[in-house]
2 protein chains.
Amino acid sequence: MARAKGSGLPELRATGGGRVRMEDVAAVAGVSVATVSRAFGKPDSVSPELRRRVLESAERLGFRPSVLAGSLASARARIVGVVVPSLLTSFFGMTLEALAGRLGPAGYQMMVGHHEYDLEREEALVAASLDWSPAAIVVTGATHSRATLSALARAECPVVEMWEISERPIDAAVGFSNREAGRAVARHLIAGGRRRLAFVGGAMARDLRAAARGQGFVEAALEAGLPEPRVEVLEERSSTAGGIAAFARLMDADEPPEAIAFSNDFLALGALFEAQRRGVRIPEDVALAGYGDLEFAANSTPTLTTVRPPHRAIGTAVADHLLRRFEDPGAGGEIIDLGFELVARASG
Amino acid sequence: MARAKGSGLPELRATGGGRVRMEDVAAVAGVSVATVSRAFGKPDSVSPELRRRVLESAERLGFRPSVLAGSLASARARIVGVVVPSLLTSFFGMTLEALAGRLGPAGYQMMVGHHEYDLEREEALVAASLDWSPAAIVVTGATHSRATLSALARAECPVVEMWEISERPIDAAVGFSNREAGRAVARHLIAGGRRRLAFVGGAMARDLRAAARGQGFVEAALEAGLPEPRVEVLEERSSTAGGIAAFARLMDADEPPEAIAFSNDFLALGALFEAQRRGVRIPEDVALAGYGDLEFAANSTPTLTTVRPPHRAIGTAVADHLLRRFEDPGAGGEIIDLGFELVARASG
DNA sequence: CTGAAAGCGCTAACAG
DNA sequence: CTGTTAGCGCTTTCAG
């Protein structure tokens with residue numbers, strides 16, 4: 001039987017030596033490597049006494065399990081691949097923080113990639129993630145390239161699509177309906193008595209969720225019997241500069257709109273800046289609504305009406321869903337609609 | 001010698017089967033696994049003919065090397081651990097995007113962690129990163145806990161500290177002097193004729209770089225023979241709400257300042273909002289300066305004087321530095337001061 | 001330039 | 001509950 005050799009005192013590995021392996025811990029604790037492995041992996045399957053000895057020896061030796069070796073042997077890494085469109089947008093930042101906040105303590109690391117709304121880049125990121133045999137993979141949105149779709153379908157791990165809910169997700173989906181969010185904004189503006197509406201969308205050709213909000217907005221206006229809203233599409237996704245330009249174009253038209261909805265709070269902020277410069281009164285002359293409920297929306301002059309997406313909730317829900325499935329591999333995907341909130345403030 | 005068995009046509013692995021391994025590729029290409037490994041790892045060490053055959057066979061079989069196995073065998077994973085204070089701040093978002101933009105194409109994945117300016121959490125994140133035998137590790141700032149420091153010092157990979165340059169970095173440092181940035185803002189305001197200065201710092205107890213800017217600001221004022229600037233410390237790091245509160249406190253004092261510098265553009269934006277509500281004229285009544293040069297700073301009413309840190313440049317410089325060291329393991333750390341830029345605009 | 005063989009450090013049956 | 005024994009899929013000497 002394996003045991004510490006030599007004197008009664010199991011020797012401490014010289015600090016200068018190579019890495020401390022399970023074998024070393026096993027020797028010091030007087031058990032087999034299998035027991036050490038179990039003591040770390042499934043503590044309940046080891047007697048309290050041995051567990052104590054193992055943990056103590058490990059501590060003494062400063063043992064850190066090699067996650068690489070463990071992952072290879074078990075064919076599963078404690079990594080969650082997360083693919084988002086951007087790392088600049090605080091929306092995804094919130095989601096990532098919430099995700100990491102739950103995944104980290106559970107021993108999972110995030111491997112993050114961003115693709116700037118480019119489906120080909122998403123494809124490459126998904127492939128790169130999959131190469132690590134991740135415990136799960138999380139992607140943003142419900143629209144993907146064929147190759148991404150098939151890679152994801154073949155993946156031997158949970159796959160969750162977030163920030164949008166589709167009727168038939170690849171596996172699981174956590175988000176809300178962007179289309180409904182667009183409709184809600186239109187209805188709110190209409191309820192405020194506005195009839196000539198406009199929608200300013202940032203990069204809607206690539207940001208399909210922004211496009212869905214725009215679509216919902218227009219739909220709701222038409223259903224209410226209003227003239228079709230003018231839609232301004234910008235190159236940038238979210239910038240005050242874009243908001244300024246769009247606002248200027250809209251207000252300089254023959255028939256300026258009575259209300260403008262933006263696909264992002266920063267766009268709306270730009271409009272606020274420009275309105276101030278032009279002496280256009282908000283909301284008297286024109287109502288403004290944003291999207292995101294970024295922190296400044298509650299404090300701007302005037303305060304900004306907007307839609308609050310469940311950014312953090314998405315992260316925690318995704319994490320909880322995954323953690324549940326890691327526990328119970330039998331569990332399958334689900335669709336979790338977290339909804340959104342229309343926050344009515346002074347601007348409209 | 002290993003060769004495809006059976007008919008002349010090397011068989012294609014059934015799509016339903018298990019994962020395609022190097023062994024399979026080797027068999028189809030009629031070479032040894034060592035050759036396949038080399039064909040992927042160091043193409044130049046394999047004859048063009050064999051390389052072609054290997055790559056073709058790999059392609060045919062849809063072979064994707066197991067990064068887990070490769071990492072274990074070579075004791076180095078193509079992962080770069082990146083530890084930032086926050087994923088919400090667009091500063092670090094820019095840096096991360098720039099980093100990933102160069103590291104990704106080179107085959108390295110980012111393992112990201114955030115600690116909210118908590119040194120203990122940073123410690124845990126660094127340890128977790130190190131467990132993966134990363135190719136490099138990147139941390140934010142120059143101040144770390146003792147344990148973090150020793151773990152980093154022991155790490156068998158390049159370590160770079162970013163966003164601040166210290167005289168004696170652990171290994172390499174890429175950033176700029178936050179203290180100098182603070183001094184530059186003070187000098188600018190003083191040059192504009194302001195004498196009663198104030199500094200509003202967000203969470204300076206934790207955000208040591210913001211604290212360094214505040215320190216530089218006060219120093220420069222004193223050196224110029226001005227009265228010591230009042231320093232307002234906020235709980236939050238960056239929020240318009242915090243800016244509003246601080247601005248209100250400062251302006252309601254017996255002797256309101258003639259110029260206020262904020263440790264963040266959002267703080268300054270809040271002040272802008274509040275000034276508008278109060279009818280305080282910027283910069284006539286009081287000059288305002290921010291930090292960050294966020295997109296809105298160039299478009300606000302009035303436009304915002306601020307400091308532009310080299311956010312993207314930090315990411316690309318870190319990536320380039322690392323890539324160089326991966327190529328040449330002999331290369332050592334260096335200190336790269338990217339500087340910053342004072343952007344003078346209408347607010348001050 | 002290429003092949004054979006020995007691991008990397010751990011997990012997972014399988015016995016006992 | 002614990003130990004033995006095979007690998008996980010690749011990289012890397014070491015020969016040739």
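Throughout, protein chains are lettered first and strands after them, A, B, ... in sequence-line order, and every chain is numbered starting at 1.
- Rounded to whole angstrom, the span from the CZ atom of R53(B) across to the C1' atom of dC1(C) amounts to 13 Å.
- Across all strands shown, V46(B) has heavy atoms under 4.0 Å from sugar-phosphate atoms exclusively, and none from any base.
- Rounded to an integer number of Å, the gap from F40(B) CZ to dG9(D) P is 16 Å.
- The residue F63(A) sits close only to the backbone: its heavy atoms come under 4.0 Å of sugar-phosphate atoms, none of a base.
- The separation between R21(B) atom CZ and dT11(D) atom P is 14 Å, rounded to whole Å.
- For residues 132-149 of chain B, there are no salt bridge (Lys or Arg N to Asp or Glu O under 4.0 Å) pairs, not counting sequence neighbours.
- Sequence order on DNA chain C of the closest nucleotides to E23(A) and R38(A) puts E23(A) first from the 5' end.
- Atom CZ in R76(B) sits about 15 Å away from atom P in dT11(D), given to the nearest Å.
- For H321(B), the side chain to side chain donor-acceptor pair (under 3.5 Å) partners at least two apart in sequence or on another chain are R325(B), E334(B).
- What separates CZ of R52(A) from C1' of dT2(D) is a distance of 17 Å, to the nearest Å.
- Within residues 64-74 of chain A, the residues having any heavy atom under 4.0 Å from DNA chain C are, by residue number, P65(A), S66(A), A69(A), G70(A), A73(A), S74(A).
- The side chain of K42(B) lies closest to dT12(D) when the candidates are dG3(C), dA13(C), dT12(D).
- For the pair D131(B) CG and dC10(C) P, the computed distance is 11 Å after rounding to whole Å.
- For the pair V83(A) and V112(A), the minimum side-chain heavy-atom distance is 4.5 Å or more.
- Comparing atom distances between the A34(A) side chain and each of dG3(D), dT2(D), dT2(C) picks out dG3(D) as nearest.
- Atom CE of M22(A) and atom P of dG3(D) are 14 Å apart (whole Å).
- With the nearest nucleotide of DNA chain D identified for both D44(A) and V33(A), D44(A) has the one nearer the 5' end.
- OP1 or OP2 of dC10(C) has not a single side-chain nitrogen or oxygen of S37(A) nearer than 4.0 Å.
- At least one donor-acceptor pair closer than 3.5 Å links the side chain of R78(B) to the backbone N or O of A106(B).
- For Q109(B), there are no side chain to side chain donor-acceptor pair (under 3.5 Å) partners at least two apart in sequence or on another chain.
- Residues that satisfy the side chain to side chain donor-acceptor pair (under 3.5 Å) test with T89(B), not counting sequence neighbours, are S86(B), R237(B).
- Taking the side chain to side chain donor-acceptor pair (under 3.5 Å) definition, one finds that W163(B) meets it with T95(B), sequence neighbours left out.
- With rounding to whole Å, R78(A) atom CZ is found 14 Å from dC10(C) atom C1'.
- Contact between the side-chain N/O atoms of T35(B) and the OP1/OP2 oxygens of dG3(C) is found at a separation under 4.0 Å.
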